[in-house]
Amino acid sequence: MSHTVTILGLESSCDDTAAAIVRDVPGVGPEILSSVVAGQTALHVDFGGVVPEIAARAHTEKLDSCVEEALAESGLSLAEIDAIAVTAGPGLIGGVLAGVMTAKGLSAALGVPLIGVNHLAGHALTPRLTDGVNYPYLMLLVSGGHCQFLIAAGPGTFTRLGGTIDDAPGEAFDKTARLLGLPQPGGPAVERAAVAGDATQFRLPRPLLDRPGCDMSFSGLKTALLRERDRIVAEKGGLRVQDRSDLCAAFQCAVTDVLAEKSRRAIAEYLTLAPDTPLFAVAGGVAANSAIRAALETVSDVSGVKFLAPPLALCTDNAAMIAWAGIERFRSGARDDMTLAARPRWPLDEGAAPMLGSGKKGAKA
Ligand code: KG4
Ligand code: ZN
C-alpha cells in the first residue's frame, strides 16, 4: 500500500531559481504546498539574453533562501520532507550543478533519498500534477530551449514524434524582441505588442509545413523578420510603433500557424497509436501565449481530443513540476545517490536520433 509522500523540489537549470513542496496523498492526489520562483531577468537585462556564469552565481546565492521560503510558505519543517528532488539536466551546466550540490547537501544532512529529475520530464508530467490525467497522453513541450511532441507513457517513458531542428519558439520570440528593441523575456513583450498589430501587413514564411511529419524549424522566421524590419527602416527612415506591432503580430501568427499544423499532424499520428486516450497537453513557457493556446485548443477540438494547458505559473519554469516528477520517480522505486551527475544534455527519448542545434539556453535534447 502506498503512503503519503512529501517532496521538496529544486529547479535551477536556466534563469529561474525555484523551490517547491508537493505532497501526494493516495486516493486524494497531489497538492502544491508551496512554490517559490526567484527570477533573474534584471541580472541579464543589459546582455540581451541569459549569461550562464551570471545565472550560475545567482542560483548559488538564491537556492538557500528559496528553500527557506518554500518551507515557510508550506508551514512544514525539513524533518517532514520525505525526499529531495532536483533538476539534474538538461540545462546550463553551472546552474544545474548549483541545484544538484544543494540537493545532495540537504539529502545527506537529512538522511532522506535524493532523486534526480529531467527538467523536460518536469514539464511533460505537469498535466498529471494539475489534472491527474492517466498515461498515455500526447504532449507538446514548447519553451525557450525546447520544442518537441512527446507521447508520455510513464514517469520515465517518452516517445518523441518530432521537434524543432534549430531554434525553439521561445528563443525565436526572444530574438524577435531583441531585433525590435523590446525587453526580455521576449515572449510576453512580443505578445503584448502584437495585440495592437495587424498580422497581414507582413508575409512571413511557415517553415517546414511543406514537408511531412511534425519536425519544425523557427530560425528562418527571425531572419525573414529581420529582412522586413530593415526594409521598413530603409523605406521610412525608422520603425514606427505601429510597424513594430504589425511585425510582432505577423511573427506570432507565423509561429502559431506552424505549431497548430504540426500539432494536427502529431495528434493524428498519436491517435493511430493510442486511440483510447485522446488527450493533448501543452507545457513550457511559450504555452503561456494566449494566441498559441487558443489555436492549439481549436486543433484539439477539430481532431476530437481533449486539450489541457496548465495554469500560466506552471507553464513557465517552476519547482513544483520537479517535486511532482520526483514523487512519480520515488513511487516507481527510483533513487539516486551522491554520484548523481549534472547533465547539460539529457534527451527524454534516449532512443530517438538527436535533434540538431544547441541554443543559448542549453541543448535542444
Ligand atoms: O519554460 P520556460 O520558463 O523556460 C525554459 O525552459 O526555456 O520558457 C521561457 C520561454 C522564453 O523564451 C519566453 O520568451 C517564452 O518562454 N514565453 C513566451 C511567453 N511567455 C514566456 N513566449 C510567447 N508568449 C508568451 N506569452
Ligand atoms: Zn523549462
Side-chain angles (χ1 to χ4, degrees), residues 9-18 20 35 37-41 44-45 48-50 52 55 87-92 95-96 99 117-126 139-148 150 163-164 167-180 182-195 197 218 221-222 248-249 251-256 258-259 282-296 309-322 324-325 344 346 348 358-365:
L10 304 180
E11 157 62 36
S12 56
S13 65
C14 190
D15 57 350
D16 290 305
T17 316
S35 183
V37 180
Q40 303 178 355
T41 306
H44 303 285
V45 78
V50 179
T87 299
L92 299 174
V96 178
V117 167
N118 183 311
H119 177 86
L120 304 175
H123 280 303
L125 299 178
T126 298
M139 184 80 214
L140 168 61
L141 208 157
V142 60
S143 69
H146 305 279
C147 182
Q148 46 193 306
L150 293 162
T164 182
D167 287 357
E171 202 174 352
F173 268 100
D174 294 341
K175 286 177 182 167
T176 293
R178 225 167 287 138
L179 291 176
L180 299 178
L182 292 168
Q184 296 293 313
V190 170
E191 181 174 15
R192 265 194 309 277
V195 171
F218 295 98
L221 249 181
K222 97 199 158 237
C248 286
F251 171 80
Q252 183 173 274
C253 188
V255 174
T256 305
V258 171
L259 288 174
V282 63
V286 180
N289 185 289
S290 10
I292 292 173
R293 277 164 100 102
L296 298 182
L312 298 191
L314 294 175
C315 277
T316 47
D317 285 351
N318 65 89
M321 69 180 190
I322 303 304
W324 169 249
W346 185 2
L348 269 184
S358 173
K360 210 173 163 59
K361 291 191 166 189
K364 300 283 184 299

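Note that ligands are numbered from 1 as they come in the structure, with each ligand's atoms numbered from 1 the same way. Both backbone and side-chain heavy atoms feed into the values below; hydrogens, waters and symmetry mates do not.
- When all heavy atoms of H123 and C315 are compared, the closest pair comes out as CE1-O, 3.3 Å.
- With a 4.5 Å cut-off on side-chain heavy atoms, L259 and C147 count as touching.
- The shortest N or O to N or O distance between F173 and ligand 1 is not below 3.5 Å.
- Under 4.0 Å from ligand 1, heavy atoms of N289 appear from its side chain as well as its backbone.
- Within the 4.5 Å cutoff, the side chain of R192 has no heavy atoms near those of the L182 side chain.
- The shortest heavy-atom distance from C14 to ligand 1 is not under 4.0 Å.
- At a 3.5 angstrom cut-off on N or O pairs, D174 counts as close to ligand 1.
- Using bins of under 30°, 30° to 60° and over 60° for the plane-to-plane angle, the ring pair F251/F173 lands in the perpendicular bin.
- Atoms of ligand 1 lying under 4.0 Å from at least one heavy atom of T316, given by number and element, are 3 (O).
- Residue H146 does not touch ligand 1, judged by heavy-atom distances below 4.0 Å.
- Where the criterion is an N or O separation shorter than 3.5 Å, residue side chain and backbone included, P185 fails it with respect to ligand 1.
- Residue V286 holds the heavy atom nearest to atom 15 (C) of ligand 1 of all those in V37, V286, N318.
- Residue D16 places no N or O, backbone or side chain, under 3.5 Å from any N or O of ligand 1.
- Taking every heavy atom of both residues into account, A288 and L312 meet most closely at CA-CD2, 3.6 Å.
- Distance alone, capped at 3.5 Å, places no donor-acceptor pair between the T316 side chain and the G285 backbone.
- In this structure, the side chain of D174 engages the main chain of G186 through a donor-acceptor pair within 3.5 Å.
- Closest approach of M139 and V282 over heavy atoms only: CE-C, 3.6 Å.
- Checked by distance only, ligand 1 and G144 come closer than 3.5 Å through their nitrogen or oxygen atoms.
- The two residues R293 and A287 make their nearest non-hydrogen contact at NH1-O, 2.7 Å.
- Between S13 and the choices N118, I322, L92, V96, the side-chain contact (heavy atoms from CB on, under 4.5 Å) rule is met once, by V96.
- For the Zn ion (ligand 2), the tally of protein N/O/S atoms lying closer than 2.8 Å stands at 3.
- In summary, the atoms of ligand 1 found under 4.0 Å from a heavy atom of G145, numbered by their order in the structure, are 7 (O).
- Residue contacts with ligand 1, taken as heavy atom pairs separated by less than 4.0 Å, involve H123 solely via side-chain atoms from C-beta onward.
- Under a 3.5 Å cut-off, the side chain of E191 and the backbone N or O of S290 do form a donor-acceptor pair.
- D16 is linked by a side chain to side chain donor-acceptor pair (under 3.5 Å) to nothing, counting only residues two or more places apart in sequence or in another chain.
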